[in-house]
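In what follows, every heavy atom counts, from backbone to side chain, and hydrogens, waters and symmetry copies are set aside. If you read the sequence from its start, that first residue is 1, and numbering goes on from there.
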Amino acid sequence: MSTEDHVEHPSERLIGRYARGDTEDTEAALEGGVNGTGIAHDEVWALEAHLESCARCRARLAVATRHTTPAVSALVDGVWDGLAPQLPAIAPMPRRHRWALPLSAWASPVMVPWLCMTVLVTLIAVILDSLSGQGVSFVLLLAPILPVFGVAASWARGFDPAYELVAGTPRAGLQLVLRRTTSVLVVVISALLVAGWVTGAAVAQWLLPCLAFTTGALALGGLIGVTRAAIGLVAAWAAVIVAPTVAVSRTPVALQAEALPVWGAVFALGVMVVIARRGAYTLLGIHR
């Protein structure tokens, strides 16, 4: 005995009424009000949910449609007759890899160029360190702002054509924020680990500032939008730290070991703000 034999199937009368479109919404549109004789909304929902998983009832619905609404069946048949000759000439959709679906839940396709640019900037920083011979490390200077570019790209409204659809999904809150941020950090931290190994920069010197800027961008993003927050943080870091450091060729106090507790405090504060304002990440304004 199959599994479908244990399922309660809708009656022929209910299938026929659904095929005719005999619902409360239809009666409201035709008569200006609901008189109670149409299929109730909860019955329609239960019937449609059953049809999604029951091939036998879908076949019954197809037969009922041909008998109750022959005009609709004729229209569908006419459209199909016109499309059928063209189908062999259409290339089939490429088969998705098994890893594509889990990856799409963690990263947006628009992030790929920005992540590649981040890796390229890291490589340029390593080259500058090897050529300059100055007392300042370009890897340390750029490490705090490198993940900010990727985080901004993953939430930028203008880069993702499907941002409204993503923001409207049930998972569009803090969970998706953390997933996309994690995917950015995995790439950035991996590149910085290699760069630090080549240049001799200690992990603690760039890891805490990197994490602090990331959480700072998300925390400010809940107020003014992630893209604006990222631009503001990058501009402030370039003006206050990068430009004076390059001018005097000396590692700033902000990147020395004495400043690590401060970076740790900034990171912890950013995490608390993100958690406290987790409801803000479901709004479209955060994508601006």
Side-chain angles (χ1 to χ4, degrees), residues 99 103 106-156 159 178-218 220-221 226-227 229-267 270-271:
W99 49 263
L103 183 61
W106 287 84
S108 171
V110 299
M111 295 166 54
V112 176
W114 290 85
L115 293 178
C116 293
M117 182 197 70
T118 300
V119 175
L120 179 61
V121 171
T122 306
L123 177 61
I124 294 175
V126 173
I127 296 175
L128 290 176
D129 275 5
S130 61
L131 295 178
S132 64
Q134 299 179 0
V136 59
S137 172
F138 287 94
V139 173
L140 291 180
L141 278 179
L142 298 179
I145 60 175
L146 283 179
V148 175
F149 293 112
V151 172
S154 65
W155 290 103
F159 294 125
L178 296 180
R179 284 190 175 191
R180 290 191 171 183
T181 303
T182 301
S183 64
V184 171
L185 288 176
V186 167
V187 176
V188 172
I189 291 178
S190 300
L192 288 175
L193 282 173
V194 177
W197 175 73
V198 173
T199 60
V203 174
Q205 282 185 279
W206 56 260
L207 182 58
L208 277 178
C210 180
L211 295 177
F213 260 77
T214 303
T215 56
L218 294 177
L220 290 176
V226 176
T227 303
I231 294 175
L233 288 176
V234 171
W237 181 258
V240 177
I241 300 296
V242 176
T245 300
V246 173
V248 300
S249 300
R250 184 183 305 170
T251 301
V253 177
L255 292 177
Q256 295 179 5
E258 293 78 7
L260 292 181
V262 177
W263 288 115
V266 173
F267 170 64
V271 171

For residues 209-216, tabulate all N or O donor-acceptor pairs below 3.5 Å that involve a side-chain atom, not counting sequence neighbours.
residue : atom : partner : partner atom : Å
T214    : OG1  : C210    : O            : 2.8
T215    : OG1  : L211    : O            : 3.1
T215    : OG1  : A212    : O            : 3.1

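Remark: V240 pairs with no residue by the side-chain contact (heavy atoms from CB on, under 4.5 Å) rule, at least two apart or across chains. Remark: I124 pairs with L120, L128 by the side-chain contact (heavy atoms from CB on, under 4.5 Å) rule, at least two apart or across chains.
The shortest side-chain heavy-atom distance between V188 and V184 falls under the 4.5 Å cut-off. Side-chain contact between V121 and L142: present, with at least one pair of heavy atoms (C-beta onward) separated by less than 4.5 Å. At least one side-chain heavy atom of L192 sits less than 4.5 Å from a side-chain heavy atom of L146.
If you take OG1 on T245 and CG on L140, they are separated by 10.5 Å, rounding to the nearest 0.5 Å.
Contact between V126 and A195 at its shortest, heavy atoms only, is CG2-CB, 3.4 Å. For P144 against W237, the heavy-atom pair with the smallest separation is CG-CZ2, 3.7 Å.
Between the side chain of W206 and the backbone N or O of L141 there is no donor-acceptor pair closer than 3.5 Å.
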